[in-house]
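This report refers to the structure that appears directly beneath it.
Chain identifiers are assigned alphabetically (A, B, ...) following the order of the sequence lines, protein sequences preceding nucleic acid strands; residue numbering begins at 1 within each chain.
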Protein chains: 2
Amino acid sequence: MSDIRRQRVPRPVREQQIIDAAIRIFARRGYHAASVDEIAELAGISKPMVYLYLDSKEGLFLACLRREAERLLTAFRAAAGPAHSPELRLRAGLLAFFTFVTEHRDSWVVLHRQSSEPSPAITAELARSRRELLAEVTGLVRADIAESDGPACPEDDAEFVAYTLVGAADSLTDWMALHPGEPPERITLRLMNMVWVGMRNVLDGEVWTTPSGTP
Amino acid sequence: MSDIRRQRVPRPVREQQIIDAAIRIFARRGYHAASVDEIAELAGISKPMVYLYLDSKEGLFLACLRREAERLLTAFRAAAGPAHSPELRLRAGLLAFFTFVTEHRDSWVVLHRQSSEPSPAITAELARSRRELLAEVTGLVRADIAESDGPACPEDDAEFVAYTLVGAADSLTDWMALHPGEPPERITLRLMNMVWVGMRNVLDGEVWTTPSGTP
DNA sequence: CCCCAACCTTACTGGCGAGTAAGGTTACGT
DNA sequence: ACGTAACCTTACTCGCCAGTAAGGTTGGGG
C-alpha cells in the first residue's frame, strides 16, 4: 500500500540509532529484562542487524556504556577545565553533571544504576567509568587541598569527599525528577552551599565536637 | 549412604531461611537474573516449597523487601529517637544506617539498588520503603530548622538536604567496601563534619557568592 | 496402632528470548 | 546495463526458567 518502506541507512548512522534505542530500553527495563527484539523494534530495524553490527547483547550494552561514559566525562572535563580556582572548577563540573543528567537521564541510569553483574566484561567497563568519574572529582578536591593548606593532605580523605559528592549528586538526580521546574544552576548552587564549607573541615582532619544544644 | 536427610522444619522458620537465601541471590544477580532454583538450593530446599510458602517469584521478592525495609527503619528510629538535639539524632541515625549496611550489605543492595521495574507491585513497595527512609531523614532536618530558626522554613529545602544525605550515605557504602578497616563511627563523624555546617546555609536560603580566590 | 496433616520431593510443561541460517533487495561503481 | 557489496528480512533452533502435577515421608494426636 503506502510505500513507506524502511529507509536504507549507512552503517555508522544505524549503529548510533541502535545504541540510542538500546539506552532507552536498558534504562527502562535493566540489562536482563531488556530484550534485543524490543531494542531492534525501537531502532526501526530487525534483530539480526543488531547482531551484525554489535555482535551480541553484551557487545551492545558495552557500546552503550562506552559511548555515554565518554560523553559524560567529556562534558565534565570541558566544564571544569577552564575555570580558575578549584572551587569554581568543582562548581562548573557539578553544573555540567546536572545538565547532562537532565538531558540524558537514561544514560545516567545505564551508567550508574546497575547493581547486578551480568558478565565480567560489563562489570569491568562499569567499574572503569565510575572510577574515572570519581577520579576526576577526587582530583578537584585534591587540587583544593594543595592550593589552600599545603602539606599533610590526608590520604583517602579526598576520596571520601569525592564519594560523598558523587553520591549526593546521584541522589539529587531523583530529587530533580520530583521537581521538574528546578534548573541545574539552582541545584548546583544549593549543593555547593551545603558542602563547600564542610569539605574543608573533613580535609583539615576531623574536628567534630558533640555540639550546640546538649541540654 | 550417609543418612543426613534434610531436616524437617516448621513453616515460619523455613520461610525466614528462604528469605535469607533470596536476599543473597537477589543482591548478587538482580531480580531478573536470579533463578528460583538457585534460591531454593541455597535455602536447602526444593523449588515447590518456595511457591507453596511465598506464592511466586514476585511474592518472594516482596517478602524480602518488606522484611528488610522494616529492619532498617526500625534500627534507624530506635537509634535516632532517644537522642536529645536534632543534631545528635541525625548523628545516631546515620550511625545506625552505616552499622546496618556493614552488617547487611545484601539487604541494602536489594532495597536501594534496583533501577528496573520488574512489576507494578514491586515498584510500589520499593518506592514506599525509600519514601519512608527519606521521610525519616527529612523529619530530622525539619526538626532542626524548627528548633533553631523558627519561621520561614523553605518548603522543599529540607527534602533537598535529605536527598543529599541519603545519596551521600549510599555512596559511602561503596567507599566502605574499599576500606574494610573503617568503623561506622568514623564514617559517621566525617560525614557529619562535612555536612552539618552547610546544611544550615541551605536551610537559611542560599547565600553563595562566587568565592575566595578569583584572580 | 494408625491416620491425617504438615512437610517435602521428583519430574514434568510452556513460553520467552538470545542467537542464526538462508536468502531478498537496493545503490553505486564501471 | 549489470554485478557486487552493503543493507536488511523472515523464519527458524535451542536452552533456560517460572510455575505445576502428582505423589512420597514422618510425627503426633486419638
**Report entry** Residue-phosphate contact under 4.0 Å: B:Arg14 side-chain N/O, C:dC8 OP1/OP2
**Finding:** yes

Report task. Determine, for A:Tyr31 and A:Lys57, whether the Lys NZ or Arg CZ falls below 6.0 Å from the six-membered ring centre while staying within 45 degrees of the axis. Result -> yes

Query raised in the report: Is A:Ala33 touching bases, backbone alone, or none of the nucleic acid, heavy atoms closer than 4.0 Å?
Result: nothing

Requested in this report: Please confirm whether A:Arg190 makes a cation-pi placement over B:Phe160, using NZ or CZ under 6.0 Å from the six-membered ring centre and within 45° of the ring normal.
Outcome: yes

**Report entry** Distance, rounded to the nearest Å, where B:Ile18 contributes CD1 and C:dC7 contributes P
**Finding:** 11 Å

Requested in this report: Grab the CZ-P distance between B:Arg8 and C:dA5 for me, whole Å please.
Outcome: 14 Å

Requested in this report: Check if the side chain of A:Arg11 and the base of D:dA6 share a donor-acceptor pair of N or O atoms closer than 3.5 Å.
Outcome: no

Query - For atom CD1 of A:Ile45 and atom P of D:dC7, their distance in whole Å - result: 10 Å

Requested in this report: Decide if atom CZ of B:Arg67 counts as having more than 12 heavy atoms of other residues, nucleotides or ligands within a radius under 6.0 Å.
Outcome: yes

Requested in this report: Inspect the surroundings of CZ in B:Arg24 and state if more than 12 heavy atoms from other residues, nucleotides or ligands are less than 6.0 Å away.
Outcome: no

Query raised in the report: Tell me, do A:Arg130 and A:His112 make a side-chain contact under 4.5 Å, heavy atoms counted?
Result: yes

Query raised in the report: Roughly, in whole Å, what's the span from CD in B:Glu41 to C1' in C:dC8?
Result: 16 Å

Report summary line: Within residues 20-32 of chain A, those residues having any heavy atom closer than 4.0 Å to DNA chain D are none

Report task. Describe the nucleic acid contact of B:Ala40 in one word from base, sugar-phosphate, nothing, applying a heavy-atom distance below 4.0 Å. Result -> nothing

Requested in this report: Taking ring-ring contact (aromatic ring centres under 6.0 Å, His included) as the test, write out the residues that go with B:His32, two or more places apart.
Outcome: none

Query raised in the report: Under 3.5 Å, is there a donor-acceptor pair between the side chain of B:Thr164 and the main chain of A:Ala168?
Result: no

Report task. Evaluate the side-chain proximity of B:Glu68 to B:Val110: yes if any heavy-atom separation is below 4.5 Å, no if none is. Result -> no

Query raised in the report: Which of residues 47-60 of chain A have a heavy atom under 4.0 Å from DNA chain D?
Result: A:Pro48, A:Met49, A:Tyr53

Requested in this report: Without swapping roles, check the side chain of B:Arg105 against the backbone of B:Thr173 for a donor-acceptor pair under 3.5 Å.
Outcome: yes

Query raised in the report: Separation of B:Asp37 atom CG from D:dC16 atom P, in whole Å?
Result: 12 Å

